[in-house]
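Inspection log for the structure reproduced underneath, given as structure tokens.
One-based numbering, in listed order, for ligands and for the atoms of each. Numbering starts at 1 and runs along the sequence shown.
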Amino acid sequence: MENKIKLAIFACGRGSNLETIINNCNNNVINATVDLVISYKEDAKAVQIARIKGIETIVIKRENFESRELFDTELSKYIDLHQIDLICLAGYFQLLTPMFVQKYKNRIMNIHPSLLPAFPGFKMIKNCLKYGVKFTGCTVHFVDDDADSGPIIEQAVVPIYDFDTEESLGARISQEEHIIYSRAIQLYALNLLNIEERKVIRKIL
Ligand code: GRF
């Protein structure tokens, strides 16, 4: 496919979303190339996967920078150098500075393992089980200045069963994440997302 957009993935965890996105780009399921992976964790599985897949992978350690602003300025140098169109957070457990978010407004996506705005932050799977909710899921959204609060692009619902553990529920949510994250990126790549006020309007049914 022509006119592929360029992605950067920020990942510091086990890398299952990163791996799916790379595979779907390679298989032309997503009209994009993964040009850059950035992590702040050298030993993250995501880093290992990205390197095996032959993607340029940079580890930038937070402790080498005096402030979050200086850290994010360093990130943005790489984003600009590679002329990245869209940044995908996939297990990036650190808030981006307002300066960075403004600079790449509506060009940063995140995946979160709950049906936002319910259960933002951390420990959402544990809390879903604790509160006894019967359905949860996952959300892909654009990133704004607050945590897990930007315009929602895609969601998938996952039922919670009485016998669920954090592991079993987490695994089912993860499967859905892989589907909706690729779909959201493809909608962006095909220019099918409009943001009006705080809402994302998808130019498809
Ligand atoms: C996912 O659950 C995602 O929703 C959250 O971090 C986790 C990353 O998992 N933001 P993986 O590293 O992609 O496997």
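No side-chain donor-acceptor contact under 3.5 Å links T97 and E69. For the residue pair N28/K4, the side-chain donor-acceptor check at 3.5 Å is satisfied. Looking only at atom types and distance, the side chain of K199 has no donor-acceptor partner in the side chain of N194 under 3.5 Å away.
For ligand 1, the protein residues placed under 4.0 Å by at least one non-hydrogen atom are G13, R14, G15, S16, N17, G91, F93, I111, H112, P113, E177.
A donor-acceptor pair under 3.5 Å links the side-chain atoms of S39 to the main chain of A11, judged by distance alone.
Side-chain contact between M109 and L193: present, with at least one pair of heavy atoms (C-beta onward) separated by less than 4.5 Å.
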inquiry  = Apply salt bridge (charged side-chain N to carboxylate O under 4.0 Å, His left out) to residues D80 and K103 and explain how you reach the verdict.
reply    = CA-CA 11 Å; D80 297 344; K103 182 166 180 188; 2.6 Å; yes
